[in-house]
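Input: a single structure, listed below in structure tokens.
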Number of protein chains: 2
Amino acid sequence: MRETCRQDDLCPMVLAYKLLSGKWKIMILWFLSDRVLRYNEISKRMPDVTQKMLTKQLRSLEEDHLITRRVYPTVPPKVEYEITEIGRQIVPIMEMMHKFGAAYIDNFRDELSKHKNTTENPEICN
Amino acid sequence: MRETCRQDDLCPMVLAYKLLSGKWKIMILWFLSDRVLRYNEISKRMPDVTQKMLTKQLRSLEEDHLITRRVYPTVPPKVEYEITEIGRQIVPIMEMMHKFGAAYIDNFRDELSKHKNTTENPEICN
DNA sequence: CCGTATCCCAGTGGATACTG
DNA sequence: CAGTATCCACTGGGATACGG
């Protein structure tokens, strides 16, 4: 594993980190891992994200080929977002992160005030 | 898995993301997963991090119980950093991230200019 | 050796209003 | 419905110098 880092000037692990960097990206990917969603459906699931930010993160994910954006030229407009093949490979990582986070909470239930309101709507994962 | 999100106002997955948020944190954790390291040894492995940032990220990781900091009151001073039990549970996540990153590179070798110089020293993972 | 102290900048993220 | 357009605040990250 460690050898692959020498291939070029970019560490795969750090690249993966960068691809997921963005306050709402993993949530978006999480929801899209379930099924194709329209803009509004994502928005409803994430009430705390402003339209601007949601659009921005969606475009960034699209640019990185983790999701696709399909526009139906209808009136009113309809836009569907779908996770890609490569994007779907992130799901197990998110699952491990979820598992780790749960274990972490078990250990440090008391001192999580720092991270409270990590999300104001806990239903996001449901 | 999804049910655990209802326990409190904090999604474990997002918490995990927050714990790892910080430009150099996964690299630090990666190096420490190998063995205990002194401040200077970490610094040598990550030439691009300023002392201030390295200290900051180390303190943050310590505050989050992912690493420990042991100070030897000698002259000159000696400080050792060690990954914790819970911190070690992140290693498989980092390994999956590495694996994903490698697969990603295989697919999009061409258009990675955006992420080039993700690290200026590719040896970081070695 | 292992840090602090200042100062600084860019980019991320947000509030609010508007539109094809 | 699915976005843009402005304007703004914050903070993560950095350069440089100094200190116990």
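Reminder, nothing fancy here: chain letters follow the sequence lines and each chain counts from 1.
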What is the separation between atom [atom1] on [X] and atom [atom2] on [N], rounded to the nearest whole Å?
X       : N      : atom1 : atom2 : result
A/Lys23 : D/dG12 : NZ    : C1'   : 14 Å
A/Leu37 : D/dA2  : CG    : C1'   : 15 Å
A/Met53 : D/dC10 : CE    : P     : 17 Å

Would you mind telling me which residue lines up with the more 5' stretch of DNA chain C, A/Pro77 or A/Val49, judged by nearest nucleotide?
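By nearest-heavy-atom nucleotide position, the 5'-most residue is A/Val49.
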Salt bridge (charged side-chain N to carboxylate O under 4.0 Å, His left out) against A/Arg59, all qualifying residues, sequence neighbours excluded
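Partners of A/Arg59 under the salt bridge (charged side-chain N to carboxylate O under 4.0 Å, His left out) test: none.
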How long is the gap from CH2 on A/Trp30 to CE on A/Met94, to the nearest 0.5 Å?
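Going from the CH2 atom of A/Trp30 to the CE atom of A/Met94 covers 6.0 Å.
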Once rounded to the nearest 0.5 Å, what's the spacing between atom NZ of B/Lys25 and atom CG of B/Leu58?
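Separation between the atoms: 10.0 Å.
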Does B/Arg69 have any side-chain hydrogen bond (donor to acceptor under 3.5 Å, both in side chains) partners at least two apart in sequence or in another chain, and if so, which?
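Residues passing side-chain hydrogen bond (donor to acceptor under 3.5 Å, both in side chains) with B/Arg69: B/Tyr81.
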Sequence neighbours excluded, which residues qualify as side-chain hydrogen bond (donor to acceptor under 3.5 Å, both in side chains) partners of B/Ser21?
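With sequence neighbours excluded, B/Ser21 shows a side-chain hydrogen bond (donor to acceptor under 3.5 Å, both in side chains) to no residue whatsoever.
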Which part of the nucleic acid does A/Gln57 contact within heavy-atom distance under 4.0 Å: base, sugar-phosphate only, or nothing?
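It contacts sugar-phosphate atoms only.
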Within the structure shown, what part of the strands sits under 4.0 Å from B/Lys78 by heavy-atom distance: base, sugar-phosphate, or nothing?
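Touches sugar-phosphate only.
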Quick one: is D/dA2 close enough that its OP1 or OP2 comes under 4.0 Å of any side-chain N or O from A/Arg38?
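Yes, such a contact exists.
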Span of DNA chain C, from the first to the last nucleotide whose atoms fall under 4.0 Å of chain B heavy atoms
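Contacts span C/dC1 to C/dC7, reading 5' to 3'.
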Side chains of B/Met53 and B/Lys23: closer than 4.5 Å at any heavy-atom pair?
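No, too far: nothing below the 4.5 Å cut-off.
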Using five base pairs at each end, measure the axis-to-axis angle across the helix from C/dC1-D/dG20 to C/dG20-D/dC1 and round it to 10 degrees.
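Axis angle across the helix from C/dC1-D/dG20 to C/dG20-D/dC1, nearest 10°: 60°.
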Give me the distances for all protein-to-nucleotides 3-6 of chain D N/O pairs that come in under 3.5 Å?
from	atom 1	to	atom 2	distance (Å)
D/dG3	OP1	A/Arg59	NH2	2.6
D/dG3	OP1	A/Arg69	NE	3.3
D/dG3	OP1	A/Arg69	NH2	2.4
D/dG3	OP2	A/Tyr81	OH	2.7
D/dG3	N7	A/Gln51	OE1	3.0
D/dG3	N7	A/Gln51	NE2	3.0
D/dG3	O6	A/Gln51	OE1	2.6
D/dT4	OP1	A/Arg59	NH1	2.8

